Trainee: 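Below you will find the structure I want to go over with you.
Small disclaimer: the values here were computed from a predicted structure and weren't measured.
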Amino acid sequence: MKRNQFKIYASAFLLATGLTSCTDLEIEETDSFISAGFEGFENADEALNGFYQTVYGNLGDQANTYALREVTTDALLIPTRGADWGDNGRWRKLHQHEWGLEEVDIITPFQQWTQAQLVGSQIIDARSNASEGTVAEARFLRAYSMWSSLEFYGQVPFRDTSLPSTDLPITLSGAEAVDFIIADLDAAIPNLPTVSAGNTESLSRGSKAAARFLKAKILLNRHVYDNQLSGTIGTPDPANMSQVISLVDEITADGYALESGYFNIFRDTPDNETIWWAETAVGNRIFNGLHYNSTSIGGGGWNGFSTLAEYYDLFEGNSTSNRVELDETALDGQEERRGGVPPSGLAFTDRPGTEDEDGFEVGSNVGNGFLIGQQFALDGTPLTDRQNAPLQFSRGFVDAEGNASLINNNEQTGIRMIKYNPRFGGFVNHSIQFRYADAHLMKAEAMLRLGNDPTAMVNELRTIRGATPLGAVSEQELLDERGRELFGEGWRRNDMIRFSQFLRGWEFKNGPEIGNATRLLFPIPLPQLLANPNLTQNPGY
């Protein structure tokens, strides 16, 4: 791995810093190019707390990392409604696979995750005198940050903090990057705490279970990461699949298990499924899809994010109606995970985490899961949109002339998804990142790729979720099950790539982009290329 001296690339650096102001890519003092040289943190524990807050902030946004993980798939899209959500085509280009080199949602995550992992390296540096436990947590977060870069860009800039600050970061990619990240996790696990399921407060930090989950996720995708710069997916290594199974079994041994009451898992209360949650507000996940008149909480929704009808149709139930009784009993044959729209709000009974609004539990009229059809106020009155038309969320996206379109939509187009219910707090700091049901399905997938039958495992989950057991499970059924279980949790792009479905067509994807392997990775931002010649632009850009 060749290191290039700063003086050779002075002109490139000056050009890059000039471009920075044009792309809103801020190079902070901690960035390797202008640092006076790292000499150790005075307080490594404070630095670690700051590291967590940085990671939490990256994960709480509805744009950037989350948009790349979900809006680039069949799960989420944001039509332009009048003057709302146009944003110079920002959201449409992601969903249609028409992004270029200047997209803020591609530029920003590169900067965020690169800067985050540098802080981890500085905590790990012996000059920071961090305890074994602090170093272990820093390794976990550094591994997560580097994995995020690898996942999106196929390349990870890495700075050895023991070298002079004038040395440019080297670039890790493919097997070399995966080996480095896994080595971090292997070094971290012995010194991370064993945190049992339900220990809610402690689960916001790194633990043995969280590190094992991340390692299992990386090994499950290793054939993708080892080959992605060549534009291919690769073939899973049976040894990696066996490790995935062993890692999930170790997570199970710490008491994590599947749990009934699907939507209760996403409250900030103890459960057996949550492995790692980020201390960041869930408001983005609630309000970006709700209509302005859906609830009084937070001043109403933002009326943007929606899902495709084809994604909604992965679930059991009526294709045009998704109603539930006040006690959440399904009225349209739907499985529990599809949720439903109640006919009114619940009477206020002072349940923990709830508030009163005119005798009703505020937000309880919103429902869970997928919102389609007529929506209702707390008192059961049918809601209307801002033009006083009945507020009826529809399956399709059409313009004023009734043509399928992502522009000039009205306020009602698109089925809305909601996993964190506003009745338990619109901006609660409890966003789940790793969950046992995901680990359970990772194990099932590893079994399938080893030639074994995972049907019983998948049906164990489906039975708990109130879904009809499957007769057999193929790759397609397993991908569909992951889509049903993990909707909106940030795994859809990862799953679709691994199952060779990310390049297929879906509604509104630009036709010429179907099958375009260039889109398996995002481009390296131009300012980063100019500032660090150890990076190379990804194929096709």
Side-chain angles (χ1 to χ4, degrees), residues 70 73-77 258-266 273 285 289 305-343 366-376 392-397 414-421 432 435-438 440-445 448 453-489 491-492 495-496 499 501 504 506-507:
E70 292 283 354
T73 75
D74 61 345
L76 278 181
L77 71 166
L258 299 175
E259 183 160 310
S260 60
Y262 184 68
F263 291 103
N264 286 332
I265 296 168
F266 301 95
E273 287 215 15
R285 306 293 178 264
F305 285 49
S306 311
T307 191
L308 291 177
E310 67 182 69
Y311 194 83
Y312 169 79
D313 288 342
L314 291 176
F315 296 78
E316 290 182 45
N318 189 294
S319 63
T320 59
S321 183
N322 198 38
R323 301 166 300 151
V324 292
E325 299 279 16
L326 284 178
D327 64 0
E328 301 187 25
T329 299
L331 293 174
D332 290 310
Q334 68 268 42
E335 60 182 272
E336 180 186 17
R337 293 175 296 199
R338 208 176 78 171
V341 178
V366 169
N368 290 311
F370 291 76
L371 309 183
I372 187 173
Q374 179 65 53
Q375 308 296 298
F376 298 92
Q392 299 174 345
F393 296 141
S394 62
R395 287 173 60 90
F397 299 87
I415 302 165
R416 314 304 169 87
M417 292 195 310
I418 184 164
K419 211 155 196 176
Y420 297 89
N421 199 287
I432 297 174
R435 192 157 63 83
Y436 183 77
D438 188 350
H440 182 85
L441 289 173
M442 283 198 286
K443 179 178 177 179
E445 182 180 338
L448 179 67
D453 185 3
T455 304
M457 278 197 72
V458 174
N459 283 338
E460 179 185 358
L461 174 63
R462 289 181 61 81
T463 299
I464 290 172
R465 303 294 187 236
T468 304
L470 300 172
V473 171
S474 65
E475 283 196 16
Q476 185 63 57
E477 279 82 21
L478 197 45
L479 175 62
D480 290 348
E481 191 64 23
R482 289 189 61 82
R484 288 184 283 264
E485 179 66 25
L486 302 168
F487 70 87
E489 294 185 49
W491 294 113
R492 189 59 175 171
D495 288 343
M496 294 189 83
F499 282 89
Q501 299 256 344
R504 69 167 175 81
W506 54 69
E507 189 176 15

Trainee: Please evaluate residues R482 and M496 with respect to the criterion side chain to side chain contact (heavy atoms under 4.5 Å, CB included), reporting the C-alpha separation (whole Å), side-chain torsions for both, the decisive distance (0.1 Å), and the verdict.
Mentor: CA-CA 10 Å; R482 289 189 61 82; M496 294 189 83; over 6 Å; no
Trainee: Within 45° of the axis and under 6.0 Å from the centre of the six-membered ring of F315, does NZ or CZ of R338 qualify?
Mentor: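 No, R338 does not lie over the aromatic ring of F315.
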Trainee: When you compare the side chain of N318 with that of R323, does any pair of heavy atoms fall below 4.5 Å?
Mentor: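 Of all side-chain heavy-atom pairs linking N318 with R323, none is under 4.5 Å.
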Trainee: Drop me the distance from F370's CZ to L314's CG, to the nearest 0.5 angstrom.
Mentor: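 The CG atom of L314 is 8.0 Å from CZ of F370, to the nearest 0.5 Å.
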Trainee: Considering all heavy atoms of both residues, which atom of L461 and which atom of E481 are nearest to each other, and what is their separation?
Mentor: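 In terms of heavy atoms, the two residues are closest at CD2-OE2, 4.1 Å.
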Trainee: I'd like to check F393 versus V341 (side-chain heavy atoms, cut-off strictly below 4.5 Å). Are they in contact?
Mentor: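 SC-SC contact between F393 and V341 ruled out.
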Trainee: Rounded to the nearest 0.5 Å, what's the gap from NE2 on H440 to CG on L258? Could you check?
Mentor: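 Here the rounded value is 5.0 Å.
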Trainee: Can you name the nearest heavy-atom pair linking P343 to V324, along with the distance?
Mentor: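 Residues P343 and V324, closest heavy atoms: CD-O, 3.3 Å.
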Trainee: Would you call E70 and R285 a salt bridge, using N to O less than 4.0 angstrom?
Mentor: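 A salt bridge is absent here (no side-chain N lies under 4.0 Å from a carboxylate O).
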Trainee: Would you say R416's side chain and L371's backbone share a donor-acceptor pair under 3.5 angstrom?
Mentor: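 No.
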Trainee: Is the side chain of E328 donor-acceptor paired with the backbone N or O of L326 at a distance under 3.5 Å, no angle test?
Mentor: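 Judged by distance alone, no pair lies under 3.5 Å.
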Trainee: Any heavy-atom pair between the side chains of I415 and R395 that's under 4.5 Å?
Mentor: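 In short, these two side chains touch, coming nearer than 4.5 Å.
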Trainee: Roughly how far apart are R504 CZ and D74 CG, rounded to 0.5 Å?
Mentor: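 Reported value, rounded in 0.5 Å steps: 4.5 Å.
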Trainee: Indicate yes or no: at least one non-hydrogen side-chain atom of E259 is less than 4.5 angstrom from one of N264.
Mentor: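 Answer no - side chains too far apart.
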Trainee: Please find the pair of heavy atoms, one from T463 and one from P469, that lie closest to each other, and give the distance.
Mentor: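 Smallest interatomic distance, heavy atoms only, reads OG1-CG, 4.3 Å.
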Trainee: Are R462 and R337 packed together at the side-chain level, in the sense that at least one heavy-atom pair is separated by less than 4.5 angstrom?
Mentor: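 In contact.
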Trainee: Is the backbone of I464 close enough, under 3.5 Å, to the side chain of S260 for a donor and an acceptor to pair up by distance?
Mentor: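 The answer is no, because no donor-acceptor pair under 3.5 Å joins these two groups.
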Trainee: Short question: side chain of E485, backbone of D438 - any donor-acceptor pair under 3.5 Å?
Mentor: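 The answer is no, because no donor-acceptor pair under 3.5 Å joins these two groups.
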Trainee: Kindly indicate whether the side chain of R484, heavy atoms from C-beta on, has any atom under 4.5 Å from the side chain of E316.
Mentor: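 No, every pair of side-chain atoms sits at 4.5 Å or beyond.
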Trainee: Any side-chain heavy atom of N421 sitting closer than 4.5 Å to one from F266?
Mentor: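 A side-chain contact is absent here, since even the closest heavy-atom pair is not under 4.5 Å.
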Trainee: Between the side chain of D453 and the main-chain N/O of T455, is any donor-acceptor distance below 3.5 Å?
Mentor: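 Checking the backbone N and O of T455 against the side chain of D453, a donor-acceptor pair under 3.5 Å is found.
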Trainee: Does E310 use its side chain to pair, donor to acceptor, with the backbone of L308 at less than 3.5 Å?
Mentor: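 Side chain of E310 to backbone of L308, a donor-acceptor pair under 3.5 Å: no, none is there.
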Trainee: Kindly say whether Y262 contributes a backbone atom to a donor-acceptor pair with the side chain of E336 at under 3.5 angstrom?
Mentor: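 Yes, because the side chain of E336 sits within donor-acceptor range (under 3.5 Å) of the backbone of Y262.
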Trainee: Measure the CG-CG distance between L441 and L448 for me, rounded to the nearest 0.5 Å.
Mentor: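 CG of L448 is found 11.5 Å from CG of L441.
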Trainee: Closest approach of I418 and F263, non-hydrogen atoms and distance?
Mentor: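 Scanning both residues, the minimum pair turns out to be O-CE2, 4.0 Å.
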Trainee: Atom OH in Y311, atom OG1 in T73: separation rounded to 0.5 Å?
Mentor: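 Taking OH in Y311 and OG1 in T73, the distance rounds to 7.0 Å.
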Trainee: Looking at every heavy atom in both V458 and L470, which two are closest together, and how far apart are they?
Mentor: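 Closest approach of V458 to L470, heavy atoms only: CG1-CD1, 4.2 Å.
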Trainee: Roughly how far apart are R435 CZ and L486 CG, rounded to 0.5 Å?
Mentor: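 Going from CZ on R435 over to CG on L486, the span is 5.5 Å.
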Trainee: Check E489 with K419, please: is the shortest side-chain N to carboxylate O separation under 4.0 Å?
Mentor: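 Looking at E489 together with K419, the answer is yes, because their closest N to O distance falls below 4.0 Å.
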Trainee: Restricting to non-hydrogen atoms, name the atom on P342 and the atom on G367 that form the minimum distance, rounded to 0.1 Å.
Mentor: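 For P342 and G367, the tightest heavy-atom pair comes out as CD-CA, 3.5 Å.
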Trainee: Could you tell me whether R465 and E273 have a side-chain N and a carboxylate O separated by less than 4.0 Å?
Mentor: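 Result for this pair is yes, salt bridge flagged.
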